[in-house]
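Residue numbers count from 1 along this sequence.
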Amino acid sequence: MLTPDTFARRRARLSALVGDRPVLVVSHSAPIRNLPMVRHPFRQDSSFLYLTGCKMPGAAALIEAGGASTLFLVPPEPDDPLWHGHAWTLDEVRRDLGFDAVAPLDSLE
């Protein structure tokens with residue numbers, strides 16, 4: 001099983017390769033079939049998954065010079081636990097994927 005340290009090391013290697021430039025890696029959303037409310041099952045982009053371990057659609061990861069990394073996610077809706085079971089918190093995702101910080105997607109400038 002891959003640990004949070006595995007993903008953190010992968011991001012640190014990428015940061016070392018690009019030097020003092022930040023890297024923004026962006027996920028995608030589930031593709032639409034015929035109508036906006038009918039979507040194909042979501043499968044995360046392989047490169048994004050390799051660097052982050054994040055399987056959630058619509059995410060982005062900012063890897064700063066020096067290796068610090070922030071994951072940006074669409075936060076769960078308040079009624080998600082009712083319909084989908086346990087709703088993760090940003091802190092749980094940060095811990096489970098080895099990010100320095102996790103923030104709502106709309107805070108990404």
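- With values rounded to the nearest 0.5 angstrom, Leu73 atom CG is found 5.0 Å from Cys54 atom SG.
- Annotation: the span from Gln44 atom CD to Met56 atom CE amounts to 9.5 Å, rounded to 0.5 Å.
- Residues Trp88 and Leu71 share a single hydrophobic cluster, defined by chaining ILVMFWY side chains whose heavy atoms lie under 4.5 Å apart.
- Taking both residues in full, the closest heavy atoms of Val26 and Phe48 are given as C-CD1, 3.9 Å, listed atom of the first, atom of the second, then distance.
- When the side chains of ILVMFWY residues are joined at heavy-atom separations under 4.5 Å, either directly or via intervening members, Val74 and Leu24 end up in a single hydrophobic cluster.
- With hydrogens and angles disregarded, no donor-acceptor distance shorter than 3.5 Å links the side chain of His28 to the backbone of Pro57.
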Pairs under 3.5 angstrom only: tabulate donor-acceptor contacts from the side chains of residues 95-109 to other protein residues two or more places apart or in another chain.
| residue | atom | partner | partner atom | Å |
| --- | --- | --- | --- | --- |
| Asp100 | OD2 | Ser69 | N | 2.7 |
| Ser107 | OG | Pro104 | O | 2.6 |

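- Within the structure, side chain to side chain donor-acceptor pair (under 3.5 Å) contacts touching residues 46-60 (residues at least two apart or in different chains) are Arg43-Ser46.
- Through side-chain heavy atoms spaced under 4.5 Å, either directly or across other Ile, Leu, Val, Met, Phe, Trp or Tyr residues, Leu2 is tied to Phe7.
- For the pair Arg94 and Asp91, the minimum side-chain heavy-atom distance is below 4.5 Å.
- Using a 3.5 Å distance cut-off with no hydrogens or angles, the side chains of Glu64 and Ser15 do not pair a donor with an acceptor.
- At least one side-chain heavy atom of Leu14 sits under 4.5 Å from a side-chain heavy atom of Leu51.
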